[in-house]
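Have a look at the structure below before the remarks.
Just so you know, ligand 1 is whichever comes first in the structure, and atom 1 is the first atom listed for that ligand. Sequential numbering from 1 along the given sequence is applied to the chain's residues. Computed from a predicted structure; not experimentally measured. Side-chain atoms are counted along with the backbone in the values below, which use heavy atoms only and exclude waters and symmetry mates.
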Amino acid sequence: MDLRLSEREEAFRAEARAWLAAHVPKKPLPSSGSRDGFAAHVAWEKELFAAGWSVVAWPKAYGGREASIVEWLLFEEEYYLAGAPNRVTQNGIFLLAPALFEFGTDEQKERLLRPMAAADVLWAQGWSEPNAGSDLAAVASTATRTDGGWLLRGQKTWSTRAAFCHALHGLFRTDPSAPRHKGLTYFLVPLDAPGVRVSGFRRLDGDEDFAEVFFDDVFVPDRDVLGAVHQGWKVAMATTGSERGLTLRSPGRFLATADRLIDLYRRNRQAADPRLRDAVIQAWMDAQAYQLFTLQAVSRLAEGKALGAESSINKIAWSEMDLRLHETALEVLGPLAELTGDAPDAVDGGTWIKGFQFALAGPIYAGTNEIQRNVIAERLLGLPKE
Ligand SMILES: Cc1cc2nc3c(=O)[nH]c(=O)nc-3n(C[C@H](O)[C@H](O)[C@H](O)COP(=O)(O)OP(=O)(O)OC[C@H]3O[C@@H](n4cnc5c(N)ncnc54)[C@H](O)[C@@H]3O)c2cc1C
């Protein structure tokens, strides 16, 4: 493939770079996992949206600028290189939106997409339950038919940012007599609806945006069913392509981390042993390789092909690479690695240890890596089923 950028793409990159250089907060925002930090991130999202950089690849009608997928990748690269804040809109714009574009009615797209991109309505993903994680088809929360809509009962858990969000998208069982995958429906639920109880809890790294969400006969009107009734599995599987594949973890994020790692290594010459130097170089090469792999996938998408089960390869690649990048940084830092942001001698504001703690979760969320290996074995390599 031809890796050279067109004039239009170069111009797009330059425009994005200039805007980000002028607007990215000079001092990093407090963690989006705290209430104050979340509010600061929402304010940043609104600034991004007002300038047309929130959802660059979306149609203009919904606040986008109709950028191509290559331009979107360039924007992501510039975004992370500029050290811009993490996106608290991501469970909406990267996970729900692709499903809305594919399965949503015109009325739903009209009503939901713009407020999502503008950070007026923040979305959480409600798939996992105490007994349905890897085995997602075991979802036991139910939705039963009532006049004009549905009544939701049950519990979701591990819902990122749900403690601070306005709405949740997720799977509920609408036909308990059907085979497991066939009796589910995809619902869109405001978190302030009567009967919803959101119970936040703290994570290992101190963030408190995680939540369990309880539903006690919560009324959801028919207009908030996404896709056909009993076809929720199909909607969810379309979303997993985005979550494991391109949109949630674009290469820009890791290219920027690899650059920061090299900078960290340069600043810590005392750590200059050959094994560590090799690990830093390997981390940089891994990030470059992931970018090339992504460009290959993008070329295939541009030819009208789907990613499908191959997004599982992507998921393993980025999550394991992120861990290695952070583990190498901790080794470079030596004993200083353990200092968190509030310690006076913390290097880079303690971001490496916090990043490491989050990277530990990478092989778990978006479907564990063991499950991705099963998918690769069975669907890509044709090995016998487990
Ligand atoms: C940081 C973070 C954010 C998250 N955010 C969300 C969110 O926003 N919304 C949401 O709905 N969920 C979210 N999750 C939940 C996540 O999707 C689940 O944790 C994940 O799917 C695993 O499910 P589980 O925790 O129930 O583990 P289990 O499914 O119980 O798995 C336990 C272990 O057994 C292994 N295992 C299970 N089945 C198999 C098998 N068939 N073959 C081989 N190994 C197997 C798993 O790989 C894992 O190591 C998040 C999780 C984390 C860590």
Practice prompt. Report the C-alpha separation of T185 and L171 in whole Å, then their side-chain angles, then the decisive distance to 0.1 Å, and conclude whether the side-chain contact (heavy atoms from CB on, under 4.5 Å) test is met.
Written response: CA-CA 6 Å; T185 300; L171 284 169; over 6 Å; no
Discussion item. Could you go through S54 and E45, starting from their C-alpha distance and side-chain angles, then the distance that decides it, and tell me whether this counts as side-chain hydrogen bond (donor to acceptor under 3.5 Å, both in side chains)?
Written reply: CA-CA 7 Å; S54 165; E45 291 276 357; 4.6 Å; no
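For atom 37 (C) of ligand 1, the closest heavy atom belonging to the protein is S134 OG, 3.6 Å. Ranking protein heavy atoms by distance to atom 52 (C) of ligand 1, first place goes to Y365 CB, 3.6 Å. Considering only non-hydrogen protein atoms, atom 26 (O) of ligand 1 sits nearest to G133 CA, 3.3 Å. The single protein non-hydrogen atom nearest to atom 49 (O) of ligand 1 is E370 OE1, 3.6 Å, given as residue, atom name and distance. With respect to atom 22 (C) of ligand 1, the closest heavy atom belonging to the protein is T368 CG2, 3.6 Å. For atom 2 (C) of ligand 1, the nearest protein heavy atom (residue, atom name, distance) is F210 CZ, 3.5 Å. Protein heavy atom at the shortest distance from atom 17 (O) of ligand 1 is S128 OG, 3.5 Å. Protein heavy atom at the shortest distance from atom 13 (C) of ligand 1 is W158 O, 2.9 Å.
At a distance under 4.0 Å, no protein heavy atom can be found next to atom 34 (O) of ligand 1. In this structure, atom 6 (C) of ligand 1 is in close contact with the protein, since a protein heavy atom lies within 4.0 Å of it.
Look at D209 and R202 and you find no salt bridge, because none of the NZ, NE, NH1 or NH2 atoms lies under 4.0 Å from a carboxylate O. For D216 and R197, the salt-bridge test fails: no basic side-chain N is under 4.0 Å from an acidic carboxylate O. One finds a salt bridge joining K46 and D120 here, because a Lys/Arg side-chain nitrogen approaches an Asp/Glu carboxylate oxygen to under 4.0 Å. Using a cut-off of 4.0 Å between Lys/Arg side-chain N and Asp/Glu carboxylate O, E71 and R13 are scored as not salt-bridged.
Where the criterion is an N or O separation shorter than 3.5 Å, residue side chain and backbone included, D135 fails it with respect to ligand 1. Polar contact check, E129 against ligand 1: no nitrogen or oxygen pair lies under 3.5 Å apart. Taking any N or O of N374, backbone or side chain, at least one lies under 3.5 Å from an N or O belonging to ligand 1.
E212 and Q155 share a donor-acceptor pair across their side chains, judged by distance under 3.5 Å alone.
The parts of I364 lying near ligand 1 are both backbone and side chain, judged by heavy-atom distances below 4.0 Å. Neither the backbone nor the side chain of L136 comes within contact range of ligand 1; no heavy atom lies under 4.0 Å.
Heavy-atom proximity to I371, at under 4.0 Å, picks out these atoms of ligand 1: 38 (N), 39 (C), 40 (C), 41 (N). For ligand 1, the atoms lying closer than 4.0 Å to a non-hydrogen atom of A361 are 1 (C), 53 (C).
In the hydrophobic clustering (ILVMFWY side chains linked at under 4.5 Å, chained through shared members), F210 is joined by W158, F201.
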Could you list the donor-acceptor pairs under 3.5 angstrom formed between side-chain atoms of residues 348-364 and any protein atom two or more places apart in sequence or on another chain?
unit_1: D348; atom_1: OD1; unit_2: R267; atom_2: NH1; d: 3.1
unit_1: D348; atom_1: OD1; unit_2: R267; atom_2: NH2; d: 3.2
unit_1: D348; atom_1: OD2; unit_2: R267; atom_2: NH2; d: 3.1
unit_1: D348; atom_1: OD2; unit_2: W352; atom_2: NE1; d: 3.0
unit_1: T351; atom_1: OG1; unit_2: D348; atom_2: O; d: 2.8
unit_1: K354; atom_1: NZ; unit_2: D205; atom_2: OD2; d: 3.4
unit_1: K354; atom_1: NZ; unit_2: D207; atom_2: OD1; d: 3.0
unit_1: K354; atom_1: NZ; unit_2: D207; atom_2: OD2; d: 3.2

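Rounded to the nearest 0.5 Å, atoms CH2 (W150) and OG1 (T142) are 10.5 Å apart.
Relative to the six-membered ring of W58, K60 misses at least one condition, a distance below 6.0 Å or an angle of at most 45° to the axis.
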